[in-house]
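Structure record follows, encoded as structure tokens.
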2 protein chains.
Amino acid sequence: MLTNRQLLVLQVIIDDFIDSAHPVGSRAISKRKDITFSAATIRNVMADLEDMGFLEKTHSSSGRIPSEKGYRYYVDHVIAPSIQNGKLDIMQHIIQDEFIEMEKLVQKSAEVLSDLTSYTSIILGPEIYETKVKQLQIVPLSKQTAVAILVTDSGHVEHHSFTIPVEINASDLEKMVNILNERLQGVSLARLPEVLNTEVLSLMKIYVNDFEKAYDYLKSAFFSEQPTKLYIGGKTNILMQPEFKDVEKIRSFYSMMEDEDEVVNLLKNPQHGIRVSIGHENKLEAIQDFSLITASYQLGENQTGTIALLGPTRMEYRKVITLLNALSNEMTEALYLWYKNNG
Amino acid sequence: MLTNRQLLVLQVIIDDFIDSAHPVGSRAISKRKDITFSAATIRNVMADLEDMGFLEKTHSSSGRIPSEKGYRYYVDHVIAPSIQNGKLDIMQHIIQDEFIEMEKLVQKSAEVLSDLTSYTSIILGPEIYETKVKQLQIVPLSKQTAVAILVTDSGHVEHHSFTIPVEINASDLEKMVNILNERLQGVSLARLPEVLNTEVLSLMKIYVNDFEKAYDYLKSAFFSEQPTKLYIGGKTNILMQPEFKDVEKIRSFYSMMEDEDEVVNLLKNPQHGIRVSIGHENKLEAIQDFSLITASYQLGENQTGTIALLGPTRMEYRKVITLLNALSNEMTEALYLWYKNNG
DNA sequence: TGTTAGCACTCATAACAACCGAGTGCTAAT
DNA sequence: ATTAGCACTCGGTTGTTATGAGTGCTAACA
């Protein structure tokens, strides 16, 4: 446990460093109004904090910078207790229209978040597996092609074009759609493959000629990955940070960001609430010079989405955590209302 | 007009520089097998080429690098005549499935193109204004919300969620959809606003209560910008180029790329065929250190899309132009076949 | 007259020394 | 326990010098 004085010095150093990105020296600290003791004393305190692993030097006679352990302590003991679980009305920036599509809402949130912080924001849309089929439809475009359209109760629309196999005639197609609509309505996307396999297949056997081919097509149209939607805001913000001097870092950062799977994986967050990963606490090597703050939001009963901010370890933790916390609350509420109206 | 020898030297310098990114000296040139004369002679030739503005020095005793005028001459007199209007079967990399949606096709093309060249590719999807309404549908989600879905004959699907105003009841909604479907089928997206305004509005007046409100909603759902789809591949490729040493350049490049309107504007190309803009020939300041090669492709009668590659002025013009030329031909052909099947 | 060898000159780049100053650790005085 | 004082450290900057790739020019040559 740290003494009050030690904590104060740690805090000052971190605040200063977050602001300036330069190592902080004892004299600079002693000049502050809230510091009543001298530079020499501060040096002693700093030496102690360094021994404990909260501070580091860039070279033997430099000022101190916070270590990752230092940030961790700061976040856990200084920031976390002071965060109140409130709201900031961020949503008013995001929702302007009376009604907004869920996907647009998420996208807009990502933009606002990155504008507000000048870090890079990443938002994982709510899982759509739990949304239920509202309507399924096949629109023929020509003799050989058609579009299959699936609408869910959340307003999500999925569509695929496909060629109609010559073996299938128009009346078969119509029958098929009828069967599908009847049987699939209200089925969640997660259960779609299962239901398709059991109930629908057997029905199709009876009513549809060449049902196997038809079934194959159907499957490929709607079983294909239902990717979790990913929105990234302010990709270039990170370039403004002074820690991005060398091109190599930029390169590895951007090539990571291009790999959607990797990013999704990064955010998948089993735990609720705010999570802070500082530097090497991140498993992914490409962001071990960064900190990642994630917060989850809820939609309905068991659909979860994730909001995150990615910045340098020298991050404005207080601001970011407050913001993210508020936003996740507000999003959950907004989506709850929306869900209620739609249920 | 350049003498053969001058042209040869210019060509060698450009080829060398494209390859190495380093200024080319007279001794290095003289070592090549196709050069029969000495370094001193080359120096004289280089001095002449510099006087004519085709070469530059980075400092008074450096080797030469091509000027933009040099590249221009090279492209016009060396590359252009040698390009034959052929195909390279690039499409086989892109189309794997029997049938592929047009949007996916364009997206995939962007990826393949950037992989093949290690530059950044930008593709403007074909204008969808000329595609025609196939079906319009409104799927109610709840009492207050619904999704409007528009399918065009090209397989393009557009959808918008909206709240149903309390003043409109279910039967009105249905009537409206019927009217819309009847009247709008076969109408091109370009003419949609017009048709909506004239024919549909008057009909709605007769059959639908509170038609004004309904009309407003409809309008906002489908009049909203139908943005030209933009696909960018290999954004990070450009970082591999040695000319990208300083972060400032990267910054300005990426912030330009984030502004979709700007990029679209850049590509909008009245002229058909291949167009090469070298360095300051580009009007947009942010890419005046780059070269942009654009080619257009056709879909149907009068829909045009654009494919482009963005790289350093020191670009592999021969390779890129050949590639882009072939791809635009192949895309036009593929889309023609597709269009024929669907028409 | 076009070509070439030779040579003095230029300039970017790297390596090295000298210096400055911000900052430390330690010691002795308060 | 705190602080003033002081020697020491080390990154960053500046200035100097050496190196070498490359040029322009001149004079000799075929």
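Labels below follow one simple rule: chain letters A, B, ... track the order of the sequence lines, proteins then strands, and each chain is numbered from 1.
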Closer than 4.0 angstrom, basic N to acidic O: yes or no for A:R251 and A:E248? yes
Which distance, rounded to the nearest 0.5 Å, do you find between the CG of B:N237 and the CG of B:D115? 7.0 Å
Reference residue B:V45; test side chain to side chain contact (heavy atoms under 4.5 Å, CB included); the match among B:I13, B:T3, B:L8, B:V9: B:V9
Heavy-atom side-chain proximity of A:Y317 to A:I293 below 4.5 angstrom: yes
Measuring from B:E56:CD to B:K69:NZ, what's the distance to the nearest 0.5 Å? 11.5 Å
Chain A footprint on DNA chain D, 5' to 3' - any atom under 4.0 Å from a heavy atom: D:dT2 to D:dG11
For residues 29-60 of chain B, which residues have at least one heavy atom under 4.0 Å from DNA chain D? B:R43, B:M46, B:K57
Using a strict 4.0 Å threshold on nitrogen-to-oxygen distance, state whether B:R64 and B:E50 make a salt bridge. yes
Residue pair B:F290, B:F244: steps toward the ring pair (Phe, Tyr, Trp, His ring centres under 6.0 Å) verdict: CA-CA 11 Å; B:F290 297 83; B:F244 261 95; 5.7 Å; yes
